[in-house]
Amino acid sequence: TSRSINETETQALLAIKARILIDPYEVFVSWNGSRHFCDWPGVTCGRRHRRVTALRLPSLKLVGDLSPYIANLTFLKVINVGNNSFRGPIPREVTNLHRLEELVLANNSFHGELPRHLARCSNLKIVNLNGNALGGEIHAELGSLSKLRMLQLAMNNFTGTIPPSIGNISSLQYLSLMQNHLGGHIPIELGHLSNLQFLQLASNKFSGTVPKELYNISSIFFFGLADNQLQGQVPPYISLSLPNLRFIYLGKNKLSGPIPTSIANATGLVQLDMGSNELSGPIPNLGSLQNLQALNFGDNFLDSSSDLSFLSSLTNCTNLSLLWLYKNNLTGVLPDSIGNLSTNLNKFRIETNFISGTIPKGIGNLVGLEYLGLFENMFTSIIPDSIGKLSKLKYLYAYTNRITGEIPLSLGNMTQLIGLSIDDNLLQGNIPVTMGNFIHLEQLDLSQNRLNGTIPKEVIGLCSSIIGVSFASNGLTGTLPSEVGNCKNLILLDVSNNNLYGEIPSSLENCLMLELLSLQGNSFNGTIPSSFKRLRSIQVLDLSNNDFSGRIPKFLAELPIVTDLNLSFNMFEGEVPMNGVFGNISAFSVIGNNKLCGGIKPLRLPV
């Protein structure tokens, strides 16, 4: 009777409610007898028979598990409890819901295996179990779900291989298995999925070659095989066989051979990632890809035959926001035309190549840049003034080149900078005071250059956000400004191998986070300030090769996590402490101080 059916469905819904432990939005408060269950939030009923057909409770911060009594809602077509904190196994009773079309349990904490006999739910069109802790193997029987359009099992712990039977689901349009522990070969049967539009198998352990049949699924627009152990070559006909291709991700594999020139005919491409493989040969001209937004060929063995003209062709790609060519064998000079690249370009990485010549003035036209990686090349000449136009730049890394001249004052216009490393070059002149404008800076490295003059107080006292500063191995003079104490979050300070002098500013005691302090190879004098006892985070302290004097303070032995203390070649005198770091001969050095005595026996100092 309808009354008993009503009662069965009411009790099933109340059983579901009973397993919910936390309901912050109080969705279930109105799940009671005061109104018909068809009017309860999240419940949908059929108009004619008033049976529950859908249970939609996504994104409600619910905590609990899913009651097996859900199987008593025999007219259910939709279960959607995605984006909550459900846990426990998926009830095997779900497989009795023969009318079920959508099973969406994504982004919860379900664990255990997939329910056996899920293929009984022969009307399933959508299965989305992404982002749980499910494991075990993917059952071959899923291949009999002949109406399935979407199968999403990504971001779980599935093991084993992809069952070849998945290739039987001719209706399948969307297949995502990324971020699991699946391995073995990708089955060639997936090539039978003639309606497949979205294929995402990234971040697994697939090996062998990519079945050529996959490259023949003409309906595919998203092709994701990144971060596996796949080998072989990218087929030369790829753009002909995949005319709808918009996104291709083949990065982080072991693919070899050339980049097919025909990729330039895949004019719909939006993102192209073949980075971190073993590809070789030249980079083709890709100016025809006018929809391209992201291009990653980084970390391969690509070369340019001393000609970087392919960069000029990319000026046609007016939507390009990411261009990664780092860690290849590119040679030649950056063309001036890079100034005509898209003003949308956000990340430009050409580091770790063999690029020479000057940094083109036109680089200042790339006003959308937030990340610029030029390091580990062979750039010469000066940093162009125009670089100061990059007012959105957050990271500028140009270390390990042969850049000469002075640091341009215009650099101070980059007020958004977070990281600046131009160390290991041939820069000279003063540190510009305008660098004090870097109010968001966290890392500053100017070491291993030929800079002179003093350390500007405006730069060293930058702000509380600075974490690491290195001016090491230059020709800097003057004292260490007391403004260094403004850097409350400083973890690393290295001013070693300069011509600095004077006493250590006592304000350093404010840098409570400091882990590494290197003042080695200067002419600092005076005693170690007593305020150093507050530096409880210090791990490496190098004061060697200076003119420090007085006694070695006993509080140095009380600093809890020092692993490397170097006081050698100063003028310290008196007794060497014996406890703390001074108890481990390999953790400290005091050689070259001729008036010391005591200490542990291996020092062989006078008593």
Which label fits Tyr326 and Trp324: parallel for a plane angle under 30°, tilted from 30 to 60°, or perpendicular past 60°?
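Perpendicular: the ring planes of Tyr326 and Trp324 meet at over 60°.
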When the ring planes of Tyr397 and Phe375 are compared, do they come out parallel, tilted or perpendicular, using 30° and 60° as the limits?
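Tyr397 vs Phe375 ring planes: perpendicular.
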For the residue pair [X] and [Y], what are the closest heavy atoms and their distance?
| X | Y | value |
| --- | --- | --- |
| Ser410 | Ile387 | OG-CG2, 4.5 Å |
| Pro384 | Pro408 | O-CG, 4.3 Å |
| Asn474 | Leu446 | ND2-O, 3.0 Å |
| Leu567 | Asn570 | O-ND2, 3.1 Å |
| Pro577 | Ile552 | CD-CG2, 3.9 Å |
| Leu230 | Asn253 | N-OD1, 3.0 Å |

Tyr501/Asn522 under side chain to side chain contact (heavy atoms under 4.5 Å, CB included): CA gap, chis, key distance, verdict:
CA-CA 7 Å; Tyr501 53 80; Asn522 284 284; over 6 Å; no
Among Leu366, Ile359, Leu345, Leu393, exactly one meets side chain to side chain contact (heavy atoms under 4.5 Å, CB included) together with Leu372. Which residue is that?
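One option only clears the test, and that one is Leu393.
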State which residue, out of Leu493, Asn449, Leu451, Val495, fulfils the side chain to side chain contact (heavy atoms under 4.5 Å, CB included) condition with Phe471.
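That would be Val495.
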Enter the distance from [X]:[atom1] to [Y]:[atom2] here, rounded to the nearest 0.5 Å.
| X | Y | atom1 | atom2 | result |
| --- | --- | --- | --- | --- |
| Glu351 | Asn328 | CD | CG | 10.5 Å |
| Asn204 | Leu225 | CG | CG | 10.5 Å |
| Asn340 | Thr318 | CG | OG1 | 12.5 Å |
| Thr434 | Ile431 | OG1 | CD1 | 11.0 Å |
| Leu369 | Lys347 | CG | NZ | 10.5 Å |
| Lys205 | Asp227 | NZ | CG | 11.0 Å |

Thr352 and Glu376: CA distance, side-chain angles, deciding distance, side-chain hydrogen bond (donor to acceptor under 3.5 Å, both in side chains) verdict:
CA-CA 5 Å; Thr352 319; Glu376 292 176 351; 2.9 Å; yes
Let me have the donor-acceptor pairs involving side chains of residues 553-564, under 3.5 Å, with sequence neighbours excluded, atom names and distances please.
unit_1	atom_1	unit_2	atom_2	d
Thr563	OG1	Gln539	O	3.3

For a side chain to side chain contact (heavy atoms under 4.5 Å, CB included) check, start with the C-alpha distance between Ile467 and Leu492, then their side-chain angles and the critical distance, and finish with the verdict.
CA-CA 6 Å; Ile467 293 170; Leu492 179 150; over 6 Å; no
Mind checking whether [X] and [Y] have side chains closer than 4.5 Å, heavy atoms only?
| X | Y | result |
| --- | --- | --- |
| Asn319 | Ser321 | no |
| Leu500 | Ile455 | yes |
| Ile259 | Val234 | no |
| Leu596 | Phe572 | yes |
| Met274 | Leu279 | yes |
| Leu201 | Leu182 | no |
| Asp303 | Thr331 | no |
| Leu289 | Leu320 | no |

Any donor-acceptor pair under 3.5 Å from [X] side chain to [Y] backbone:
| X | Y | answer |
| --- | --- | --- |
| Ser262 | Pro236 | yes |
| Asn425 | Ala398 | yes |
| Asn437 | Gly412 | yes |
| Asn291 | Leu269 | no |
| Ser496 | Ala472 | no |
| Asn546 | Ser523 | yes |
| Gln200 | Ala202 | yes |
| Asn353 | Leu325 | yes |
| Asn377 | Ile350 | yes |
| Asn277 | Gly275 | yes |

Pairing donors with acceptors under 3.5 angstrom, does anything connect the side chains of Asp273 and Asn296?
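Judged by distance alone, the side chains do pair up.
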Stepwise side chain to side chain contact (heavy atoms under 4.5 Å, CB included) check, Lys389 with Asn413
CA-CA 7 Å; Lys389 295 179 188 173; Asn413 298 335; over 6 Å; no
Between Glu370 and Lys394 (salt bridge meaning N to carboxylate O under 4.0 Å), is one present in this structure?
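A salt bridge is present here (some side-chain N lies under 4.0 Å from a carboxylate O).
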Counting neighbours of OH on Tyr371 that are heavy atoms of other residues, nucleotides or ligands and sit closer than 6.0 Å, is the number greater than 12?
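For Tyr371, atom OH is crowded (more than 12 foreign heavy atoms under 6.0 Å).
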Counting only heavy atoms from other residues, nucleotides and ligands, does the tally under 6.0 Å from CZ of Arg246 exceed 12?
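It does: Arg246 CZ has more than 12 such atoms within range.
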Quiz: residues 415-423 side-chain donor-acceptor pairs under 3.5 angstrom, not counting sequence neighbours:
none

What donor-acceptor contacts under 3.5 angstrom involve side-chain atoms of residues 502-515, with partners at least two apart or in another chain?
unit_1	atom_1	unit_2	atom_2	d
Ser507	OG	Ser482	O	2.6
Asn510	ND2	Ser507	O	3.3

Checking Leu390 against Leu396 for the side chain to side chain contact (heavy atoms under 4.5 Å, CB included) test, could you report, in this order, the C-alpha distance in whole Å, the side-chain angles of both residues, the deciding distance, and whether it holds?
CA-CA 10 Å; Leu390 305 180; Leu396 172 57; over 6 Å; no
